[in-house]
Number of protein chains: 2
Amino acid sequence: MTTVRAAAGNATTRGRRAGRRSGDQRELAILATAERLMTERPFAEISIDDLARGAGISRPAFYFYFPSKDAVLLTLLDRVTAEADAAAGDAFDRMADDPRSRWGDLIGRFHDTFRAHKAVVLACAQARGANAEVRELWSAVLEHWVRCTQAAIEAERRRGAAPDGLPARDLAIALNSMNERVMYATFASDGPAVAAPDVVDVLLDVWLAAIYRSTTPPSV
Amino acid sequence: MTTVRAAAGNATTRGRRAGRRSGDQRELAILATAERLMTERPFAEISIDDLARGAGISRPAFYFYFPSKDAVLLTLLDRVTAEADAAAGDAFDRMADDPRSRWGDLIGRFHDTFRAHKAVVLACAQARGANAEVRELWSAVLEHWVRCTQAAIEAERRRGAAPDGLPARDLAIALNSMNERVMYATFASDGPAVAAPDVVDVLLDVWLAAIYRSTTPPSV
DNA sequence: AACAATCTCGACACCCTGTCGAAACGCGAT
DNA sequence: ATCGCGTTTCGACAGGGTGTCGAGATTGTT
C-alpha cells in the first residue's frame, strides 16, 4: 500500500511536489472541476481524463499536480476536516445555560458542515470502502466530534443534569454514528430517510432522550 | 443504466440464463470464491479473473454464469435479504410482556444477521455508493426493519407504555440507521467504534431511552 | 542570451471489462 | 454408435482506464 500523503503528512503538500509558480490556477481548476463533477455523478465514474480536460490540461499533465484521483478527493476532504474541527469549536461552552439549545447548536453545526460539502462528503463515503486514506481521515473527523460529545456528556453528568448510564464514549459514538448515517441517507436520498427539514429536530430529540432521559433537560 | 436483474426481478434468476445442467457446482464455486475473497480484501480490488480462477474456470466462462461482478454480490445479498426478513419475523410479538427483553431480541437479531454475513454486508456497504441495484436492495432490507420498528413503537404508544413525541417513522429510521452505522464501524474496525461485545447493550440503551425516556420501560 | 526550474504532452506498457465465434462436451433419440 | 442439439468453455479481440517516461515548450532569473 503506497501512500498519497507527503512523508510529513502535511495537508498543504498533499498535491504537487514542493515549489510553485503559475500552475496554482491549474491545481485549483482541477479541484473545482472535481467538486463540480461530483455533484453530477458518482466519484467512481469520474476519470482522470475528465478532471484533466475540465481543467484545460492533458491527462499526463494531471499527474504533475496530483499523484492520483484519490489525492484530489483527499485534498478536498482536508478542507472539510479543517472546517469541521473549527465548527465543533466552542459549541460545547456553557452547556448548562440551556442544554436543548446548546445540543441543538452542536448538531446543527455538524449538519451545516456536512451539508455545505455534501458532494465531497458523499464521495468520501463512497470512496471510504476502497481507500484506506479516505477512511482514516474521515475517522479522524468523527473522532474529534466524538471526543467533544463525550466531554460534554461527562460534564452534564457531573453537574447532575444527566443521569449515569452507558460509558460516555460509547454513547457519544452511537449518537454521532447515527447523525452521520441519517444525514447521509437524507442528502443522498438513499433508502429510508428523514425529510431534510426535520433532520436536526429528529436527531436532537434522540440525543436528549439518550443523554438526559428527557427532552426537556434542566438548565442551571 | 442497464439492469442486472432478470425482467421479472425474480431472485432465483439473478445469475445465469434459464436451463441448467452440471454447471450448478461452478456457479456455487463462484459464489463461494467471492465470499472467501471478500474476507481478504475490499470488493473493489477483486477482479472477475480472480473469481473465475478461484472457481476453476476461465474469465470468459464466468460470463456464462453471471453478467457482471456486481451480479455475484447481488446474489449473495439476496440470501442475506431473505434471512433478514425472516429474522425480523415475530420479534415484535408480545412486546408488552417485557419490553426491554423484546427490544433486545430485535436488536440482537439485526446484529446476528449482520454479523453472520459480515463480509457480504461490508462489501455491499462499499459497493452501495457505485451500484444502484445494491443500494436499492439494501434499502429494501432496511425499510423492512424500519416498518416493523415503527409499528412496534406505535403499539407501545397506544398502550400508554411509551410517550408521544417524534413521528414513529422518523424515530424508527434514526434508530435503525444508528444500528447499521455502529455495527458497520465495529465489524470493519472503521474509525471510532464500540467494542464488539458491548454493541447490543449500547444500542439497546439508546433505543429504550429514545422510545420510553427510560431504560426500564413498564410491562403489562 | 543562456540557464534552470517549471510545466506539458505524445507514446507506451499494463490491467481490466465485456463480447464474439469456434470448438468441445453431454446426452437423449434414432 | 453416432447423430444432433442444447450446454459449456475459452482464445482472441476491441475498448477504456491507469500510471510512467522522456522529449520538448514555457517562464523567471541572471
Side-chain angles (χ1 to χ4, degrees), chain A residues 1-5 13-31 33-34 37-38 41-74 123 126-127 130-134, chain B residues 1-5 13-31 33-34 37-38 41-74 123 126-127 130-134:
Chain A
M1 173 74 69
T2 60
T3 182
V4 131
R5 289 182 164 190
T13 63
R14 198 185 283 292
R16 210 175 356 160
R17 9 191 184 282
R20 57 190 51 210
R21 295 235 165 246
S22 69
D24 285 350
Q25 326 159 31
R26 291 275 149 88
E27 187 167 339
L28 293 175
I30 291 173
L31 292 169
T33 302
L37 292 181
M38 285 187 323
R41 55 177 186 269
F43 185 68
E45 286 174 22
I46 298 170
S47 72
I48 289 179
D49 202 46
D50 293 332
L51 298 178
R53 287 182 185 282
I57 57 177
S58 71
R59 197 175 59 81
F62 167 93
Y63 288 97
F64 181 80
Y65 295 99
F66 294 96
S68 71
K69 193 175 67 166
D70 285 349
V72 176
L73 184 58
L74 252 347
Q126 291 171 13
N131 182 306
E133 289 190 272
V134 172
Chain B
M1 173 75 70
T2 60
T3 181
V4 132
R5 290 182 166 190
T13 63
R14 200 185 282 292
R16 209 179 354 162
R17 15 190 184 282
R20 56 190 51 208
R21 295 234 164 246
S22 67
D24 285 351
Q25 326 160 31
R26 291 275 148 87
E27 187 168 337
L28 292 175
I30 291 173
L31 292 169
T33 302
L37 292 181
M38 285 185 324
R41 57 177 186 271
F43 185 68
E45 287 174 22
I46 298 171
S47 73
I48 288 178
D49 203 46
D50 293 332
L51 297 178
R53 287 184 185 283
I57 57 178
S58 71
R59 197 176 60 78
F62 167 92
Y63 288 97
F64 180 80
Y65 295 99
F66 294 96
S68 71
K69 193 176 67 166
D70 285 348
V72 177
L73 185 57
L74 252 348
Q126 292 170 13
N131 183 305
E133 289 191 90
V134 171

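Naming convention: chains lettered A, B, ... in sequence-line order (proteins, then strands); numbering from 1 in each chain.
Between B/Leu51 atom CG and C/dC16 atom C1' the separation is 13 Å, expressed in whole Å. The separation between B/Arg53 atom CZ and D/dT9 atom P is 15 Å, rounded to whole Å. The CZ-C1' distance, from A/Phe64 to D/dG19, rounds to 16 Å in whole Å. Following rounding to the nearest Å, A/Gln25 (CD) and D/dT26 (P) show an atom-to-atom distance of 16 Å. At whole-Å resolution of the value, CD in A/Glu27 and P in C/dT6 are 14 Å apart. Atom P of nucleotide D/dC21 and atom CZ of A/Phe62 are separated by 17 Å, given to the nearest angstrom. Summarising the geometry, the separation between CD1 on A/Ile57 and C1' on C/dG10 is reported as 15 Å, rounded to the nearest angstrom. Rounded to whole Å, atom C1' of D/dG16 lies 14 Å from atom CD of A/Glu45.
Of the candidates C/dC7, D/dC10, C/dC9, C/dC9 carries the atom nearest the A/Ala61 side chain, counting heavy atoms from C-beta on. With distances taken from any side-chain atom of A/Ser58 to the nucleotides D/dT7, C/dT8, C/dC16, the minimum falls on C/dT8.
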Side chain to side chain contact (heavy atoms under 4.5 Å, CB included) between A/Met38 and A/Leu73, intermediate numbers included: CA-CA 10 Å; A/Met38 285 187 323; A/Leu73 184 58; 4.1 Å; yes
Verdict with reasoning, B/Phe66 to B/Ile48, per side chain to side chain contact (heavy atoms under 4.5 Å, CB included): CA-CA 10 Å; B/Phe66 294 96; B/Ile48 288 178; over 6 Å; no
Under 3.5 Å, which N/O atoms of the protein pair with N/O atoms of nucleotides 23-25 of chain C?
none

Every protein N/O within reach of nucleotides 18-22 of chain C N/O, cut-off under 3.5 Å:
from   : atom 1 : to      : atom 2 : distance (Å)
C/dG18 : OP2    : B/Tyr63 : OH     : 3.2
C/dG18 : N7     : B/Arg59 : NH1    : 2.7
C/dG18 : N7     : B/Arg59 : NH2    : 3.4
C/dG18 : O6     : B/Arg59 : NH2    : 2.4

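For the pair A/Lys69 and A/Ile46, the tightest heavy-atom approach, listed with the atom from each and the gap, is NZ-O, 2.9 Å. Closest of all the heavy-atom pairs between A/Glu45 and A/Arg41 is O-NE, 3.3 Å. Here the closest heavy-atom approach between residue B/Phe43 and residue B/Ala127 is recorded as CD2-CB, 4.4 Å.
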Please tabulate, for the side chains in residues 51-60 of chain A, all donor-acceptor contacts under 3.5 angstrom to protein atoms that are two or more places apart in sequence or on a different chain.
from    : atom 1 : to      : atom 2 : distance (Å)
A/Arg53 : NE     : A/Asp49 : OD2    : 2.9

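At a threshold of 4.5 Å between non-hydrogen side-chain atoms, the residues A/Tyr65 and A/Leu31 do not count as touching.
Every side-chain contact (heavy atoms from CB on, under 4.5 Å) that A/Asn131 has, sequence neighbours left out, goes to A/Asp70, A/Glu133, A/Val134.
Checking the phosphate oxygens (OP1, OP2) of C/dT6, no side-chain nitrogen or oxygen of A/Arg26 falls inside 4.0 Å.
Going from atom OG1 of A/Thr33 over to atom CZ of A/Arg26 covers 11.0 Å, rounded to the nearest 0.5 Å.
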